[in-house]
Amino acid sequence: MPLYDRFGRPVTNLRISLTQECNFRCFFCHREGQRFLAKNEMTPEEIERIVRIASRLGIRKVKLTGGEPTVREDILEIVRRIKPYVIDLSMTTNGSRLKELAKPLAKAGLNRVNVSLHSLKPEVYKKITGVDALNDVLEGIEEAVKYLSPVKLNMTVMKGLNEGEIWDMIDFSAKTGTILQLIELEAPREMTETAFFRKYFYPLKPVERELERKAVEIRERTMHRRRKYFIPTDYGVAEVEVVRAMHNTVFCANCTRLRVTSDGKFKTCLLRNDDLIDFLSAMRNGASDAELVDILKRAIFMREPYWK
Ligand SMILES: Nc1nc2c(ncn2[C@@H]2O[C@H](COP(=O)(O)OP(=O)(O)OP(=O)(O)O)[C@@H](O)[C@H]2O)c(=O)[nH]1
Ligand code: SF4
Ligand code: SF4
């Protein structure tokens, strides 16, 4: 049985940032909301221990994130160590190393991947990510579909950059047998009035209306109450999920996630930074499992919906 927070939300997912390092330089990167660069990374043993403890409290879904998780040399060991405690073990990646890693990751126990793919145009891709890696990523996706299905493609939609590619991307996802996630740019409250946010924010509500009109079927996930649209294309039916978090009270009311920063702190919300609870120091100072359970429970108690 999972634990519930004060707002009646079960906590069933752990999103673990393995590193803040990344081989890309996306200009809008939020690094899982971790504002300060941390070099102090958890070891595979420490990651395994916190996953084992969380699994005892009903947290059986784990997502590995970053930075870029595959830049860690010990990524296969990490996956191998935590898989025994996890039902759904997934990773969010930029896809640049998937061509060589998809098969070994699957063998180590990874179930699925989400790959960032913001554009199919090499020049736009480079403008967004800072690297000329579109071909590598496309090859990585092809490999991932063989071993880590279902593969989700994450497209953060930004005004003036890639909003004109949404329908091409829907075709591409049908063609490749992947699921497309259209993601609205998001930021904490204090940043929503910045020139940067105003410049790139592209609201997805109108796109959702169009998807609604074209869909042959619509399903709703319990997680965030996100809607998934089944859209007919020339290549078969595409599955399109919309991630629209900004000012979305329903999204937050159905959030079941707890985050772990790369330097071993629980983080209760992507958009908050006043909510960090250090467990790694306690672990390194000899804390017992029972003490770590208490720290985890404290983090769950602190959780609250960001948009209320
Ligand atoms: N505000 C908010 N945004 C989120 C949250 N989870 C994911 N997102 C957004 O969705 C993007 C893609 O998330 P992913 O890491 O692919 O994970 P996911 O799609 O949520 O997870 P699965 O569907 O279970 O694979 C992130 O970069 C965020 O912008 C969340 O809990 N809160
Ligand atoms: S690939 Fe991901 S972690 Fe790396 S810079 Fe881009 S958004 Fe950030
Ligand atoms: S409370 Fe809302 S903003 Fe915070 S992590 Fe959950 S869904 Fe995201």
Side-chain angles (χ1 to χ4, degrees), residues 24 26 28 88 90-99 101-103 105-106 110-129 131-186 200-221 223-245:
F24 283 22
C26 304
F28 61 92
D88 177 29
S90 62
M91 176 188 283
T92 299
T93 169
N94 61 31
S96 59
R97 293 199 63 208
L98 275 182
K99 192 179 170 191
L101 277 181
K103 193 174 176 183
L105 279 169
L110 192 73
N111 298 113
R112 60 190 182 89
V113 277
N114 294 6
V115 186
S116 307
L117 185 67
H118 309 297
S119 174
L120 292 168
K121 297 180 183 165
E123 65 290 357
V124 179
Y125 187 89
K126 188 171 176 194
K127 204 166 171 184
I128 294 173
T129 61
V131 288
D132 202 358
L134 180 59
N135 268 337
D136 292 341
V137 173
L138 293 179
E139 285 176 6
I141 289 169
E142 211 178 304
E143 199 65 4
V145 169
K146 291 186 209 156
Y147 301 104
L148 293 163
S149 197
V151 173
K152 292 187 174 188
L153 305 179
N154 283 344
M155 177 189 191
T156 303
V157 184
M158 287 166 287
K159 191 162 65 187
L161 280 172
N162 61 355
E163 83 272 28
E165 288 189 68
I166 290 176
W167 295 94
D168 288 343
M169 201 66 102
I170 290 175
D171 281 349
F172 178 80
S173 72
K175 217 188 291 184
T176 48
T178 53
I179 298 168
L180 178 66
Q181 300 208 107
L182 296 174
I183 301 166
E184 208 174 58
L185 194 63
E186 54 183 312
Y200 293 112
F201 182 73
Y202 185 79
L204 287 180
K205 208 166 187 171
V207 177
E208 273 210 273
R209 280 199 214 103
E210 206 172 339
L211 290 170
E212 217 169 280
R213 277 197 302 276
K214 292 188 171 157
V216 287
E217 187 186 342
I218 301 172
R219 286 187 207 154
E220 200 172 69
R221 280 178 75 183
M223 160 65 67
H224 296 144
R225 289 269 171 82
R226 295 189 200 169
R227 296 184 102 193
K228 190 189 268 186
Y229 301 87
F230 292 79
I231 308 293
T233 75
D234 292 345
Y235 309 94
V237 176
E239 288 182 44
V240 184
E241 202 167 306
V242 178
V243 183
R244 206 162 49 74

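Positions are given from 1 along the sequence. All values below were derived from every heavy atom in this structure, side-chain atoms included, with hydrogens, water molecules and symmetry-related copies excluded.
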Answer yes or no: is there a donor N or O on one side and an acceptor on the other, between the side chain of N162 and the main chain of T156, under 3.5 Å?
-> yes
With the threshold set at 4.0 Å, does a side-chain nitrogen-carboxylate oxygen contact exist between R221 and E241?
-> yes
Atom pair CE (M91) and CG (N111), whose distance is rounded to the nearest 0.5 Å | 11.5 Å
Closest approach of V216 and P232, non-hydrogen atoms and distance?
-> CG1-CG, 3.9 Å
Would you check if I231 and V237 make a side-chain contact, meaning some heavy-atom pair closer than 4.5 Å?
-> no
Check ion pair E142-K99 (N to O, under 4.0 angstrom) = no
Are I128 and L161 close enough that some pair of their side-chain heavy atoms sits under 4.5 Å apart?
-> yes
Using a 4.5 Å cut-off on heavy atoms from C-beta on, say whether the side chain of V137 contacts that of V115.
-> yes
For D136 against S96, the heavy-atom pair lying closest together | CB-O, 4.4 Å
Heavy-atom closest pair (S119 atom, V124 atom, distance to 0.1 Å) is OG-CB, 3.3 Å
With sequence neighbours left out, what residues match E220 under salt bridge (Lys or Arg N to Asp or Glu O under 4.0 Å)?
-> R225
Going by heavy atoms in the side chains, are I166 and L182 under 4.5 Å from each other?
-> yes
Under 4.5 Å between any side-chain heavy atoms of Y125 and H118, yes or no?
-> no
Gap separating the CE atom of M158 from the OH atom of Y200, nearest 0.5 angstrom = 8.5 Å
So which of K152, Q181, M169 actually passes side chain to side chain contact (heavy atoms under 4.5 Å, CB included) with L117?
-> M169
Step by step, work out the side-chain contact (heavy atoms from CB on, under 4.5 Å) result for M155 and I183.
-> CA-CA 6 Å; M155 177 189 191; I183 301 166; over 6 Å; no
pair T92-N154: side-chain heavy atoms closer than 4.5 Å = yes
Electrostatic pair D88:R112 at N-O distance under 4.0 angstrom = yes
Here the gap from R244 atom CZ to H224 atom NE2, rounded to the nearest 0.5 Å, amounts to 13.0 Å
In chain order, what residues pass the side-chain hydrogen bond (donor to acceptor under 3.5 Å, both in side chains) check against K214, with sequence neighbours excluded?
-> E210
If you draw a 6.0 Å radius around NZ in K126, do more than 12 non-hydrogen atoms from other residues or ligands fall strictly inside?
-> no
Okay, side chain of E165, backbone of L120: is any donor-acceptor separation there less than 3.5 Å?
-> yes
Taking the six-membered ring of Y202 (Phe, Tyr or Trp), confirm whether the NZ or CZ of K159 is under 6.0 Å from its centre and within 45° of its axis.
-> no
Test side-chain contact (heavy atoms from CB on, under 4.5 Å) on T178 and S173 and set out the steps.
-> CA-CA 5 Å; T178 53; S173 72; 3.5 Å; yes
Given R227 and Y229, is the side-chain contact (heavy atoms from CB on, under 4.5 Å) satisfied, shown in steps?
-> CA-CA 6 Å; R227 296 184 102 193; Y229 301 87; 3.4 Å; yes
Does any non-hydrogen side-chain atom of F172 lie less than 4.5 Å from one of T233?
-> no
Begin with the C-alpha distance, continue with both residues' side-chain angles, and end with the deciding distance and a verdict on side-chain contact (heavy atoms from CB on, under 4.5 Å) for L105 and Y147.
-> CA-CA 9 Å; L105 279 169; Y147 301 104; over 6 Å; no
Just how far is it from atom CZ of F24 to atom CG of N94, taken to the nearest 0.5 Å?
-> 4.0 Å
Answer yes or no: is there a side-chain heavy-atom contact under 4.5 Å between V242 and L211?
-> yes
Can you tell me if E184 uses its side chain to pair, donor with acceptor, with the backbone of L204 under 3.5 Å?
-> yes
Can you tell me how far the CD atom of E239 sits from the CG atom of L153, to the nearest 0.5 Å?
-> 11.5 Å
Do the charged groups of E208 and K205 touch, with an N to O distance under 4.0 Å?
-> no
List the atom of A144, the atom of L98, and the distance in Å for their closest heavy-atom pair.
-> CB-CD1, 4.0 Å
Taking all heavy atoms of L148 and all of A102, pick out the closest pair and write down the distance.
-> CD1-O, 3.7 Å
